[in-house]
Amino acid sequence: MSPENRRPSVYFLNPVADYALAGGLSMAVAAAMAAFYRPTRTEAVIVIAAQLLWICNWPHFSATSHRLYHRWENIRQYPITALVIPWVILAVAAWSIASPDLVAPAFVKLYFIWSPYHFAGQTVGVTALYLRRAGVEVRPWERKVYGWAIYSAFVSIVLRSESGERMMQFYGISFPSLGLPAWVATAGLAYAHVATAALGVCYLLWCRRAGRLVPPIVLVPALALQTWFVWTKGVASFLEFVPFFHSLQYLLVAWSMQLKERKDREGIAGSPRYVWRESVRWYLLNVAGGAVLFWVLPRAVAGGFDLSVAVTMGVLSAAVQVHHFFVDGVIWKLKRETVASPLMGDLHDLLHAPAPARPVNR
Amino acid sequence: MTARRLPLLLAVGLGLVAAACARTEVDAPPGSVPPPSGERLVLHTPAGDVVVSFFTAEAPRHAAQILALARLGAYDSVQFIRVDPQGYYVQLGDITQRDLPLTPAQRAADRRIPAEFSELKHVRGTISMARHPADPDSARSSLVFILRDSPHLDPPAARYTIVGRVERGLDVLDSFGRYLQTGSDAPTVPLTVQKANVVSAAELAQMALRPVRAVERPGGSRVPGREDRLLRLASGGLVAVAAVLLAAFVAARREGAGRWTRSLVLLGILACCFVLLVLLVPAAPGRVWLGAALLLAGMGVVKLMTFFDAER
């Protein structure tokens, strides 16, 4: 089979790696921790999660910024996001730091509502990607059903967080819950269960329509999100790792995109050498970028202006993440062919495909 | 030296020795509070500032560890986790319990300290080390500030390492008792160490310490009267502006308006929502309708942002 008419794989890497990185690993860890580990937030869990920030969570934020800002063409494509939003967020962050008791709690509250929505949005995107790669025909109403199923996890966790009267803390910034009645959280949970069952029905319809077993990986991101937000609500020790698993999912897709796009744009022939060198370069760049955003910047600002490190870290962490939400919202539109095409590549392409006849300008 | 001066010198010398012994006896009878030595720890809390000095002679290792942790910033954002309803003590939590992850240096400095029991007593103003009841050598970083004489914490009933005393700010710690609800020893407002500084006596003299003050729920408290009316007016105005902008966005999409127009309108909606959160989140607890409205607004706005910077 020649490279030109080789059917692309469902998987970016291989079945085991894709199932693990798309959410399977997180479900296995959640099950193991629920069965064998203490549910409370132990020191060991906090320490391990803190180390994982450096190698996974922070690089995934950096990868978004890198994707937007590393080429002028991208900035020209999304000028408002690239050129206006950073200033808006900077102004809000400065206001929050200047008013840690009034404005910072509202900023953190907005971030806490937006963050799980962003998780769900990423899950919708990854699900759509795998459905496309698996060649599944999805009807408009089915797209709505799996969208509702995925967003039901966001609704459930937000309703649960905002029910009851209590104070929450984020890096020393205290903010109250909205004090909704307890039945609201129960209703959110019920909605999540019903919507997930509807997703299961959709999957059966896809299998029936295709006349084969559709690769179950199309369900893994959605089920992983339910695991993170709904099914492990009593396992605080596992919840420390949810951002890590979300970042892992993102890095798989972003890595694939980066390598395929650069290969096509610069006319590079696929080879193991190219994959290793570009992967290491891109990863180390984003580790450094993440460290600058989340470690260097807050300390520099706190030290330079004699501010509380805790509050500065909290505000800047929320600010970087809100920026990430904006950028992610624009750069991964699957409907754009310039986005969809590289995302259909796989490891075989990267390792073996010859250079295109003419480099592709994107 | 002549023979005539020797008795005089001897008398002066003996007098100096007697004076030194007398001063020692007067200054440190067994069980009383010895003079502070060396550096101070200043804890900046929402309720005011507290100045702590250390008994470096009686508990040198505990004092050294606490000061080292404070210099590393380990106490920043640690909360006071317990306020005794009877007013005997308040407890500052362990540094590992704070939300901010510990740095490697902070973790390395956080060690179990062998007990340094002494003749000091748990009297008002002293600071004791929290430890596991069954393990006298398990103290690390959690501090217990004694607000009432507590002989039940002294031998033979119990033994704890007394590490220092509150030099200034006992009234700040006393005020923590306001933030309790019946049946609980957890404060109802976050009493967090915003910053912990290690200072010399000279630096302390230059500092403007914050006196005791009331801690409001974060975001400010709802003030009745004229300010309440202004708040309602401002909120109503913002809701109206947001509604107009939303209608403008819908019309802009329908009419095929440019990307910049649609995105700037969306930014306006986001700004209105954010200011509404600033104004109204503190007032939401206890008002279910307001909490629900704010949540729906927040969820709606994040959904709207998916249209931001989108092509037609």
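Each chain gets a letter, A, B and so on, in the order the sequences are listed, and its residues count up from 1.
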Could you tell me the separation between the [atom1] atom of [X] and the [atom2] atom of [Y], rounded to the nearest 0.5 Å?
X      : Y      : atom1 : atom2 : answer
A:T81  : B:F308 : OG1   : CZ    : 5.0 Å
B:K303 : A:Y151 : NZ    : OH    : 5.5 Å
B:T103 : A:R299 : OG1   : CZ    : 7.5 Å
B:S263 : A:F326 : OG    : CZ    : 9.5 Å
A:I113 : B:L296 : CD1   : CG    : 10.0 Å
B:Q194 : A:L307 : CD    : CG    : 12.0 Å

What part of [X] gets within 4.5 angstrom of chain A, counting heavy atoms only: side chain, backbone, both, or neither?
X      : answer
B:L280 : neither
B:T192 : side chain
B:M299 : both
B:L270 : side chain

Given a strict heavy-atom distance threshold of 4.5 Å, which part of [X] is in contact with chain B: side chain, backbone, both, or neither?
X      : answer
A:W295 : neither
A:V84  : side chain
A:I80  : both
A:V88  : side chain
A:F107 : both

Legend entry - Greater than 12 external heavy atoms within 6.0 Å of A:Y69's OH: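 Count over threshold, so yes.
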How close do [X] and [Y] get, heavy atom to heavy atom, and via which atoms?
X      : Y      : result
A:P181 : B:V288 : CD-CG1, 3.6 Å
A:I85  : B:L267 : CD1-CD2, 3.8 Å
B:R107 : A:V47  : CD-CG2, 3.8 Å
B:L277 : A:A106 : C-CB, 3.9 Å
A:L178 : B:G291 : CD1-O, 3.5 Å
B:V281 : A:K109 : CG2-CG, 4.3 Å

Inset, instruction - Could you check if a side-chain atom of A:F175 sits within less than 4.5 angstrom of a side-chain atom of B:P190, using non-hydrogen atoms only? - result: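 A:F175 does not reach B:P190 side chain to side chain.
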Inset, instruction - Taking the side chain as every heavy atom from C-beta outward, state whether A:V158 and B:L295 have any pair of such atoms under 4.5 Å apart. - result: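 Side-chain contact under 4.5 Å: yes.
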Legend entry - Step-by-step side chain to side chain contact (heavy atoms under 4.5 Å, CB included) determination, B:M305 to A:Y117: CA-CA 11 Å; B:M305 290 303 119; A:Y117 182 84; over 6 Å; no
Legend entry - Candidate pair A:V92 and B:F274, rule side chain to side chain contact (heavy atoms under 4.5 Å, CB included), full reasoning: CA-CA 10 Å; A:V92 172; B:F274 180 65; 3.7 Å; yes
